[in-house]
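Quick caveat, the model's predicted, so the values are computed rather than measured.
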Amino acid sequence: MGGWAIAVHGGAGVDPNLPNERQEEAKRLLNRCLDIGISALRSNLSAIDVVELVVRELETDPLFNSGRGSALTEKGTVEMEASIMDGPKRRCGAVSGLTTVKNPISLARLVMDKTPHSYLGFAGAEEFARNQGVELVDNEYFITEDNVGMLKLAKEANSILFDYRIPTLTTCGGSAAMENQLQMNGLPISLYAPETVGCVVVDKQGHCAAATSTGGLMNKMTGRIGDSPLIGSGTYACDLVAVSCTGEGEAIIRSTLAREVAAVMEYKGLNLHEAVDYVIKTRLDEGKAGLIAVSKNGEVACGFNTTGMFRGCATEDGFMEVGVW
């Protein structure tokens, strides 16, 4: 075994003009999450416990698009989704359409641990949350002033926005949103950063786990489900590797991006870095995305075809890095 390793992300696709203070704020949060994960791993917590712990921290901080600070639907509400997967025996749990659950990732964990199912959504997931006694809050808890303003801009542009803090939109107005001709399922969108959050971990025993959580797209249709709660697309873990993805959800779904990393390692014999590079370069077609991954041997890797990705990683041998570009 190569020792433990951990990686976290806060979304792929970073505006080149992102203010330095915003970059530093993101780096501080990523560093804090790494410190939490490192401490837990040194205390011999299992990989599945660590990914839940770290993603809960990311959901609680409003900086990225998960939990509090989630992107708003076309109706101005929040619908969150998350998934978690334990490499040993490939156990998994996922949830969608959450409106009152403070930490969606923990409800996904309960789906995995406490039900015979893998995925619960909307009213059924909310009922399960009440029955399990998880912490619930009003939907207004998740809504921030920044998000309300960016939803207004998205509606003026008649567009879906991946990120809800786009500097150029605030100065150029709605018309600028349509200048980018990138498309999703044949329809024009404005692209910046999804800012989905995720964590992957391999513990001292070589067990891998992954967790991903998001509020989805700004101005998305109510009921839209992205890649984050879909096992094999946004999240995947097995006895070999753990992966969490972020980016253009529809492209990640089409390519089953997370599972592809494991597949090329299994079937083509690629190592972790080769697998991540291969998948990002050959499996996204024209989609934009990124991912983080760890292997059972204690390796850690990230890859993206966007301008940047909020990310951080650390290994037992003392390596630690946080980056944006």
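- Val294 places none of its side-chain heavy atoms less than 4.5 Å from the side chain of Val201.
- Of the possible polar contacts, one joining the Asp203 side chain to the Gln205 backbone as a donor-acceptor pair under 3.5 Å is found.
- Residues Phe304 and Ile280 are not in side-chain contact: their nearest non-hydrogen atoms beyond the backbone lie 4.5 Å or more apart.
- Between the side chain of Glu59 and the main chain of Ile105, a donor-acceptor pair closer than 3.5 Å is present.
- The main-chain N or O of Leu63 is never found under 3.5 Å from a side-chain atom of Asp146 such that the two would form a donor-acceptor pair.
- Using a distance-only test at 3.5 Å, with no hydrogens or angles considered, a donor-acceptor pair links the side chain of Asn31 to the main chain of Lys27.
- The closest side-chain heavy-atom distance from Arg130 to Glu126 is below 4.5 Å.
- Inter-residue side-chain proximity for Ile231 and Arg259 is flagged as unmet; no heavy-atom pair is nearer than 4.5 Å.
- Within the 4.5 Å cutoff, no side-chain heavy atoms of Leu30 are placed close to those of Arg311.
- Looking only at side-chain heavy atoms (C-beta outward), Val78 and Leu72 come within less than 4.5 Å of each other.
- Formation of a donor-acceptor pair under 3.5 Å by the Asn297 side chain with backbone atoms of Glu299 is not found in this model.
- Ion pairing between Asp86 and Arg109 fails under the 4.0 Å rule for side-chain N and carboxylate O.
- Salt-bridge annotation for Glu25 and Arg28: absent, with no side-chain N of the basic residue lying under 4.0 Å from a carboxylate O of the acidic one.
- Ser39 contributes no side-chain N or O that, together with a main-chain N or O of Asp35, makes up a donor-acceptor pair within less than 3.5 Å.
- Cys245 has its side chain out of reach of Tyr236: every pair of non-hydrogen atoms, C-beta onward, lies at least 4.5 Å apart.
- Side-chain N or O atoms of His9 include one that pairs as donor or acceptor with a backbone N or O of Thr196 at under 3.5 Å.
- Between Thr212 and the choices Ser228, Ser244, Ser66, the side-chain hydrogen bond (donor to acceptor under 3.5 Å, both in side chains) rule is met once, by Ser244.
- In summary, Glu250 and Arg224 engage in a salt bridge, as defined by a charged side-chain N under 4.0 Å from a carboxylate O.
- Taking 4.5 Å as the limit, some side-chain heavy atom of Tyr119 sits within range of a side-chain heavy atom of Leu230.
- Judged purely by atom type and a 3.5 angstrom limit, Lys220 uses its side chain to pair as donor or acceptor with the backbone of Gly215.
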